[in-house]
Amino acid sequence: MFSSSIQKYITDNNFATFTAKAIFFDMDGVLFDSMKFHAPAWTKAMNDIGIAFTEYEGYMNEGRTGHSTIDLAFNREHGRNATEAEKQEIYRLKSRYFETYGDSPVMPFASDLLQKVKAEKREIYLVTGSGQASLLDGLQVHFPGIFKKERMVTAFDVTHGKPHPEPYLQALKKSGLTPAEVMVVENAPLGVESAKAAGLFVIAVNTGPFDEKVLWDSGADIVLSSMQELYEKWDFFL
Ligand code: MG
């Protein structure tokens, strides 16, 4: 199944070959089991100011910048974008709720997979829309020696969040590699869209509440049920 997905990617893009020299990892919902905190934090913050917003929407909008998510909800509720002051207030509320949940657990098998990829001498990149300091700092604590600053793209590096291709295009530029040399691990529909818009091969791990069809429809080349499944099948397709 995996080899046929890769073969299809090679054929569709007219590549001569495909070798994954680097793996681009998303953070929330891939390395940290943090979406179960982000999603309700968004719901509570929006509800506090009288805007309807479900946790499922929180999952569906994962990857957007905070401001973009707020504008989306404001346009639906009020037919306009939020003001700067409103954005700051809602984002402050959201971050405060997020912090009340405590530290996000490391996603099971994330560390095992990163160690395996490192041992295979493939480069490891982080490509996240997050600017959450507690999680970014946590990378060095929970995955010591894995992530290097020059191989990270975060909310602070981009103008456009996912689903825009900018985050993945920036990582590609930093790596100096071509789309025939990179594999992406994502969990969110908009994250998959972003990576596909950048022309990359995407493995989606369904760690959220979605029917897997949602991830196939967003363009994923492979959809797996968990990071554990990806870890256990890694050797079969690379
Ligand atoms: Mg994610």
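Every number for a ligand or one of its atoms is a count from 1 in the order of the listing. If you read the sequence from its start, that first residue is 1, and numbering goes on from there.
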(request) On the 0 to 90° scale, with breaks at 30° and 60°, tag the His164-His160 ring pair as parallel, tilted or perpendicular. (result) parallel
(message) Parallel, tilted or perpendicular: which one describes the rings of Phe37 and Tyr101, with boundaries at 30° and 60°?
(response) parallel
(request) Kindly indicate whether the side chain of Val117, heavy atoms from C-beta on, has any atom under 4.5 Å from the side chain of Trp234. (result) yes
(request) Heavy atoms only: give me the nearest Phe210-Asn187 pair and the separation to one decimal. (result) CE1-O, 4.3 Å
(message) If I compare all heavy atoms of Ala73 with all of Phe53, which pair ends up nearest, and what's the gap?
(response) CB-CD1, 4.2 Å
(request) Quick one: name the protein N/O/S atoms under 2.8 Å from the Mg ion (ligand 1), chain by chain. (result) Asp26 OD2, Asp28 O, Glu62 OE2, Asn187 OD1
(request) Using the test side-chain contact (heavy atoms from CB on, under 4.5 Å), find all partners of Glu193 that sit at least two apart in sequence or belong to another chain. (result) Pro163, Leu190, Ser218
